[in-house]
A.B. asks: 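First the structure, then my questions, so here it is.
Here is the naming used below: chain letters follow the sequence lines, and residue numbers restart at 1 for every chain.
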2 protein chains.
Amino acid sequence: MKLSARSRYGARLLLDVARHGQNRPVHLTEVARREELPLKFLEQIAIPLRQAGVLKSVRGPKGGYLLARPPTEISLAEVVRLLEGEELIDCLADASLCHRVGTCPTRRVWQEAGQAFYDKLQSITLADLLTPGQGLWEDTGDV
Amino acid sequence: MKLSARSRYGARLLLDVARHGQNRPVHLTEVARREELPLKFLEQIAIPLRQAGVLKSVRGPKGGYLLARPPTEISLAEVVRLLEGEELIDCLADASLCHRVGTCPTRRVWQEAGQAFYDKLQSITLADLLTPGQGLWEDTGDV
DNA sequence: AGCAAAGCCTACTAAATTAGTATAGATAAT
DNA sequence: ATTATCTATACTAATTTAGTAGGCTTTGCT
């Protein structure tokens with residue numbers, strides 16, 4: 001149970017685009033350099049984010065990526081869900097995997113824990129990460 | 001990001017021991033049969049649970065496992081932490097993996113989300129799973 | 001028109017993790 | 001003693017994740 005590099009890199013990609021894409025498209029070569037992440041991997045990560053309407057792209061020279069929406073309207077939950085593959089728990093993703101579906105009391109537990117995870121991410125937007133120090137979410141958990 | 005079979009099986013193992021280990025040790029052969037799980041895998045899972053004082057064992061014939069504490073005092077968080085390997089996020093587990101540690105605003109997000117996940121599991125005990133339908137935690141989330 | 005800089009897409013490979021098996025040993029009831 | 005059970009380590013196979021490669025498409029610039 002590890003958060004994948006796709007999600008981690010995806011968040012950093014979006015953050016980088018948010019920071020540098022105010023007035024112009026940001027190309028991935030830049031992001032790869034600044035964030036020290038592999039370009040080809042970033043290209044793969046950008047695609048579902050664009051398809052889902054989180055990023056928008058400009059093709060051709062001087063092209064690149066921009067946020068498709070204001071950073072206040074992009075939650076981390078959306079990003080992780082797109083990149084992580086929806087379901088955290090196998091026996092929830094595919095009921096046929098386990099014929100105990102109807103009675104197994106543990107399924108419910110996993111479902112709730114996964115929900116709690118995503119609920120927390122839902123409450124954090126890109127904008128919160130752009131202005132650290134005065135964040136809305138800074139006071140919610142003592143870790 | 002998937003919950004591992006170890007955690008899922010571990011929870012079922014404990015539940016089975018809780019149900020059948022009232023008056024006698026439960027041996028893993030039984031559990032394997034009832035829960036349709038591989039015996040050898042269960043043996044591996046039982047070890048850290050015993051070492052952590054969640055299960056206790058009786059060796060020799062008529063031996064088996066018992067809960068080391070009442071089911072009200074065994075939270076799912078403890079079980080998952082023992083079986084899953086502590087940290088959900090690589091760059092939190094080992095700071096040397098990323099030299100941006102000091103400044104990267106995303107680390108904090110992952111930390112909080114992981115915390116939310118474990119907080120939810122912390123609130124659910126084995127006892128809650130033993131008495132479904134009137135559960136303390138049944139009303140907390142609408143999924 | 002044509003070159004070059006970008007994104008787009010698919011397929012492949014390598015590394016790591018997870019799931020499960022095998023084998024050998026320790027302990028204790030009978 | 002024998003046998004049923006837990007204990008421990010090492011191994012293997014399957015799956016997933018991370019990353020690479022190559023070629024295609026679009027479009028600004030000259």
Side-chain angles (χ1 to χ4, degrees), chain A residues 1-10 12-13 17 21 24-33 35-52 54-66 68 80 83-91 93-94 97-98, chain B residues 1-10 12-13 17 21 24-33 35-52 54-66 68 80 83-91 93-94 97-98:
Chain A
M1 177 133 206
K2 285 271 174 70
L3 190 75
S4 72
R6 279 169 65 87
S7 295
R8 286 188 286 115
Y9 295 179
R12 285 167 61 189
L13 164 60
V17 170
R24 59 176 182 89
V26 178
H27 52 260
L28 292 183
T29 322
E30 287 182 67
V31 180
R33 183 171 33 75
E35 298 288 329
E36 298 170 279
L37 298 174
L39 172 63
K40 282 303 204 173
F41 201 17
L42 283 178
E43 288 182 346
Q44 281 188 30
I45 292 168
I47 288 172
L49 293 174
R50 181 188 55 81
Q51 288 171 342
V54 172
L55 286 175
K56 68 188 168 200
S57 66
V58 179
R59 300 180 68 160
K62 305 276 177 185
Y65 286 100
L66 296 161
V80 172
L83 298 176
E84 204 69 24
E86 183 69 2
E87 194 51 71
L88 272 49
I89 291 99
D90 278 330
C91 67
D94 181 0
L97 281 177
C98 177
Chain B
M1 177 130 203
K2 286 272 175 71
L3 190 75
S4 73
R6 279 168 66 87
S7 295
R8 286 188 286 115
Y9 296 178
R12 285 166 61 189
L13 163 60
V17 171
R24 60 177 180 89
V26 178
H27 52 259
L28 291 183
T29 323
E30 287 183 67
V31 180
R33 182 171 33 73
E35 297 287 331
E36 298 169 281
L37 298 175
L39 172 63
K40 283 303 200 175
F41 201 19
L42 283 178
E43 288 181 343
Q44 280 189 31
I45 292 169
I47 288 172
L49 293 175
R50 179 189 56 81
Q51 288 171 342
V54 172
L55 286 174
K56 68 187 168 199
S57 65
V58 179
R59 301 179 68 158
K62 305 275 178 185
Y65 285 100
L66 296 161
V80 172
L83 298 176
E84 204 68 24
E86 183 71 359
E87 194 51 70
L88 271 51
I89 289 98
D90 278 330
C91 66
D94 180 0
L97 281 177
C98 178

A.B. asks: If you check every side-chain atom of B/Ile47, which of D/dA8, C/dA19, C/dA29 has the closest atom?
C.D. replies: D/dA8
A.B. asks: Tell me the closest heavy-atom pair linking B/Leu28 and B/Ala46, and the distance in Å.
C.D. replies: CD1-CB, 4.3 Å
A.B. asks: Write down the distance between CD1 (B/Ile45) and P (C/dT18), rounded to a whole number of angstrom.
C.D. replies: 13 Å
A.B. asks: Once you round it to whole Å, what is the distance between C1' of C/dT18 and CZ of B/Arg8?
C.D. replies: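 Atom CZ in B/Arg8 sits about 11 Å away from atom C1' in C/dT18.
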A.B. asks: Counting only side-chain N and O atoms of A/Arg50, is one of them less than 4.0 Å from OP1 or OP2 of C/dC9?
C.D. replies: yes
A.B. asks: Counting only side-chain nitrogens and oxygens, does B/Ser57 get under 4.0 Å of the OP1 or OP2 atom of D/dT7?
C.D. replies: yes
A.B. asks: Nearest whole Å is fine: how far is D/dT5 C1' from B/Tyr65 OH?
C.D. replies: 9 Å
A.B. asks: For the side chain of B/Ala5, starting at C-beta, report the closest nucleotide among D/dG19, C/dG7, C/dA19.
C.D. replies: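 That would be C/dA19.
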A.B. asks: Round to a whole Å and report the spacing from CZ of A/Arg24 to P of D/dG28.
C.D. replies: 17 Å
A.B. asks: Provide, to the nearest angstrom, the distance between the NE2 atom belonging to B/His27 and the P atom belonging to D/dC6.
C.D. replies: 7 Å
A.B. asks: If you check every side-chain atom of B/Ser4, which of D/dG19, C/dT18, C/dC8 has the closest atom?
C.D. replies: C/dT18
A.B. asks: Please confirm whether the backbone N or O of B/Phe41 pairs with a side-chain atom of B/Gln44, one donor and one acceptor, at under 3.5 Å?
C.D. replies: no
A.B. asks: Round to a whole Å and report the spacing from CD of A/Gln44 to C1' of D/dC24.
C.D. replies: 16 Å
A.B. asks: Would you indicate which nucleotide in C/dA28, D/dT27, C/dA19 comes nearest to any side-chain atom of B/Pro61?
C.D. replies: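 Minimum distance to the B/Pro61 side chain belongs to C/dA28.
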A.B. asks: With a 4.5 Å heavy-atom cut-off, do B/Leu49 and B/Leu13 have their side chains touching?
C.D. replies: yes
A.B. asks: Can you name the nearest heavy-atom pair linking A/Glu84 to A/Lys2, along with the distance?
C.D. replies: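 Minimum heavy-atom separation between A/Glu84 and A/Lys2: OE2-O, 4.0 Å.
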A.B. asks: Quick one: closest heavy-atom pair of A/Ile45 and A/Gly10, and the distance?
C.D. replies: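 That closest heavy-atom pairing would be CG2-CA, 3.8 Å.
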A.B. asks: Could you tell me which non-hydrogen atom of A/Arg6 sits nearest to which non-hydrogen atom of A/Pro48, and how far apart they are?
C.D. replies: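 Distance-wise, the nearest heavy atoms are NH2-CG, 4.1 Å.
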A.B. asks: Near DNA chain C, which residues from residues 35-42 of chain B have a heavy atom under 4.0 Å away?
C.D. replies: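 Going residue by residue through residues 35-42 of chain B, the ones with a heavy atom under 4.0 Å of DNA chain C turn out to be B/Pro38, B/Lys40, B/Phe41.
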A.B. asks: Any chance you could lay out the side-chain contact (heavy atoms from CB on, under 4.5 Å) test for A/Leu39 and A/Glu43, step after step, and finish with the verdict?
C.D. replies: CA-CA 6 Å; A/Leu39 172 63; A/Glu43 288 182 346; 4.2 Å; yes
A.B. asks: Is there a side-chain contact between A/Met1 and B/Met1 in this structure, where contact means two heavy atoms from C-beta onward sitting under 4.5 Å apart?
C.D. replies: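 Yes, at least one pair of side-chain atoms sits under 4.5 Å.
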A.B. asks: When you compare the protein's N or O atoms with those of nucleotides 12-16 of chain D, which come within less than 3.5 Å of each other, and at what distance?
C.D. replies:
none

A.B. asks: What's the shortest heavy-atom distance between A/Arg8 and A/Leu3, and which atoms?
C.D. replies: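 Closest heavy-atom pair between A/Arg8 and A/Leu3: CG-CD2, 3.6 Å.
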A.B. asks: Could you say whether B/Glu84 or B/Arg59 is positioned toward the 5' end of DNA chain C, judged by the nucleotide with the nearest heavy atom to each?
C.D. replies: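 Counting from the 5' end, the first nearest nucleotide belongs to B/Glu84.
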A.B. asks: Could you tell me how far apart A/Leu66 (CG) and C/dA6 (P) are, to the nearest whole angstrom?
C.D. replies: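 Those two atoms, CG and P, are 14 Å apart.
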A.B. asks: Please state how far atom CD in A/Glu43 lies from atom C1' in D/dA21, giving the value in whole angstrom units.
C.D. replies: 11 Å
A.B. asks: Given C/dG20, is OP1 or OP2 found less than 4.0 Å from the side-chain N or O atoms of B/Tyr9?
C.D. replies: yes
A.B. asks: So, for B/Ser57 and B/Arg50, which heavy atoms are closest and what is the spacing to 0.1 Å?
C.D. replies: OG-CD, 3.3 Å
